[in-house]
There are 2 protein chains.
Amino acid sequence: MGAREVGLPSTVLPVNTEDLPGRVTIWEVGARDGLQNEQSAVPVEVKLEFLDRLADSGLSVLEATSFVHPKWVPQLADAEDLLAGLTRRPDVIYPVLVPNERGLDRALAAGVDHIAIFGSATETFAQRNLNSSLDVQFAMFDPVVTRALEADMSVRGYVSMCFGDPWEGPVPVQQVVEVGRRMLEMGCWQLSLGDTIGVATPGHVEAVLGGFIEAGVDPSMLAVHFHDTYGQALANSLSALYCGVSTIDSSAGGLGGCPYAESATGNLATEDLVWMLDGMGIEHGVDLDKLVATSVWMAERLGRPSPSRVVQALAK
Amino acid sequence: MGAREVGLPSTVLPVNTEDLPGRVTIWEVGARDGLQNEQSAVPVEVKLEFLDRLADSGLSVLEATSFVHPKWVPQLADAEDLLAGLTRRPDVIYPVLVPNERGLDRALAAGVDHIAIFGSATETFAQRNLNSSLDVQFAMFDPVVTRALEADMSVRGYVSMCFGDPWEGPVPVQQVVEVGRRMLEMGCWQLSLGDTIGVATPGHVEAVLGGFIEAGVDPSMLAVHFHDTYGQALANSLSALYCGVSTIDSSAGGLGGCPYAESATGNLATEDLVWMLDGMGIEHGVDLDKLVATSVWMAERLGRPSPSRVVQALAK
């Protein structure tokens with residue numbers, strides 16, 4: 001008999017329950033961060049069904065796509081078609097990544113009301129990914145955020161390479177805090193602190209979040225975004241919960257791995273996060289069975305198994 | 001460039017560093033708990049090379065095999081041959097599982113000095129696994145432990161099903177504490193609290209460990225043994241560290257999964273644990289590169305990839 005048939009995971013209150021948030025917002029990035037890493041583009045009808053199924057499973061934030069130039073991310077070249085075909089639900093938000101003013105124009109034309117900008121915590125990644133310095137990065141963001149706020153959009157700020165950078169190595173905490181604060185001062189309502197290459201460990205997570213909190217940033221303005229490259233994503237998320245963070249980015253089925261390796265690991269799998277939150281008595285609003293069924297369905301579309309442990313364990 | 005080439009994971013001290021042990025003993029169970037779950041038996045020469053490579057990587061505890069009846073675990077039927085062929089190193093201990101007095105006779109004959117007994121926290125699992133009640137289980141252990149201590153052996157006590165039982169569901173904390181205390185009173189020097197079906201979550205771990213600590217058991221007498229069935233093993237280990245536990249069972253490459261599913265998850269992978277400990281500045285004595293190379297080598301012998309994220313990421 002499987003564990004779920006007997007009602008596990010059980011809710012067993014932790015010893016230090018007063019330190020933990022009672023409810024977590026899961027920021028589902030599978031359709032964007034997951035699918036942008038697939039080797040070949042997924043048809044727009046499949047993406048639309050995916051988003052619809054994710055909403056059915058109870059997720060309240062579905063990052064839908066990105067208005068990055070199709071030359072760089074051909075997997076998301078169908079952003080306009082996707083948003084035109086999307087049946088928006090009143091209780092779900094559908095944020096879209098916007099890299100620059102051209103992207104913002106496209107988002108405005110598509111009727112998007114929640115956007116995210118994508119910044120780097122390091123000079124080298126800014127140079128490699130954005131072909132600009134950190135100062136140029138901020139100069140580029142400024143008109144995007146100003147115009148977005150004027151249009152009553154909400155703007156989330158991704159900070160990438162918060163823990164390690166493949167060229168620079170470990171990233172100083174104060175540098176991450178400085179970049180994050182500039183994005184908040186610019187008008188972002190929340191930062192998503194990203195471990196873009198998956199090297200973070202729980203002590204490092206505490207140090208970075210502690211740096212922001214010491215600088216006066218409330219944990220409600222912070223989210224975390226972990227990749228499971230070295231198996232640390234869930235342990236890191238636990239650390240973030242203990243620091244008071246209550247928004248966690250994850251991807252259904254752990255989508256987002258390198259498409260060239262079978263079942264390679266990508267983002268933190270939403271299902272693994274849900275299992276942990278269930279056991280800790282933390283509310284999240286997600287129906288795990290529906291979500292697993294969705295990830296199994298998507299894995300069939302992609303032709304490779306989900307790397308999520310929970311999906312592997314519960315898939316019928 | 002890979003993360004390790006630039007020296008990651010970095011040691012970044014956690015905010016609450018005073019709560020954490022400075023050094024962790026990794027109790028490597030791959031050769032026993034890992035290989036006993038393989039569909040077909042691994043040749044004894046391969047096991048001997050495996051143990052030798054694990055010792056080379058710096059692990060100081062290598063659970064070698066089990067003296068369970070070969071009818072039940074044919075994969076470990078070569079226990080005598082293995083121990084006869086083993087070159088014991090002075091800085092490594094090689095514990096062996098002993099289920100009963102017959103097993104103890106075999107262990108004594110083989111010159112074993114560290115044994116472990118394997119008990120159940122639930123009546124149903126005692127019945128199914130040992131074909132006995134909990135009281136009969138203890139009556140059976142009594143002469144084993146008495147004779148082992150008389151022979152100057154050390155005796156570790158495994159407590160299985162500490163979190164969930166597939167027949168009984170969630171297991172009451174006080175029941176686990178009661179079973180564990182009986183094993184300590186009998187003469188076990190350490191308990192390994194096992195999540196045999198992998199359903200535990202961090203809050204539950206804190207509750208069980210808190211139960212023992214409240215009952216007066218020092219954390220140095222406790223170890224944890226997690227399976228990664230639902231992806232929780234490393235997060236659970238982090239919780240155990242925060243409770244003051246400094247011995248963690250794990251399996252090189254995550255060996256121990258169901259052999260019928262490709263790359264299915266078994267024990268916590270030693271490599272994933274080492275990565276976390278490295279990042280947290282906690283000593284463990286293991287050379288990660290050597291360990292990864294060993295798991296890659298073993299995966300080739302078994303004909304299927306390691307489920308360890310770190311092995312997948314670092315394997316050349």
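Lettering follows sequence order; numbering is per chain, from 1.
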Chemist: Who wins among B/V310, B/L209, B/N236 for the most heavy-atom pairs under 4.5 Å with chain A?
Modeler: B/V310

Chemist: Hey, could you give me the CE/OG distance between B/M280 and A/S239, rounded to the nearest 0.5 Å?
Modeler: 6.0 Å

Chemist: At a heavy-atom separation under 4.5 Å, does B/L238 approach chain A through its side chain, its backbone, both, or neither?
Modeler: side chain

Chemist: Where do A/L234 and B/G231 come nearest, in terms of heavy atoms and distance?
Modeler: CD2-O, 3.3 Å

Chemist: For A/G279 versus B/T201, what's the shortest heavy-atom pair and its separation?
Modeler: CA-OG1, 3.2 Å

Chemist: Do A/D272 and B/Y230 have side chains that approach each other closer than 4.5 Å (heavy atoms only, starting at C-beta)?
Modeler: no

Chemist: Give the member of B/G198, B/S308, B/A235 that has the highest number of heavy-atom pairs under 4.5 Å with chain A.
Modeler: B/A235

Chemist: State, yes or no, whether a side-chain contact exists between B/T229 and A/R309 at a heavy-atom distance under 4.5 Å.
Modeler: no

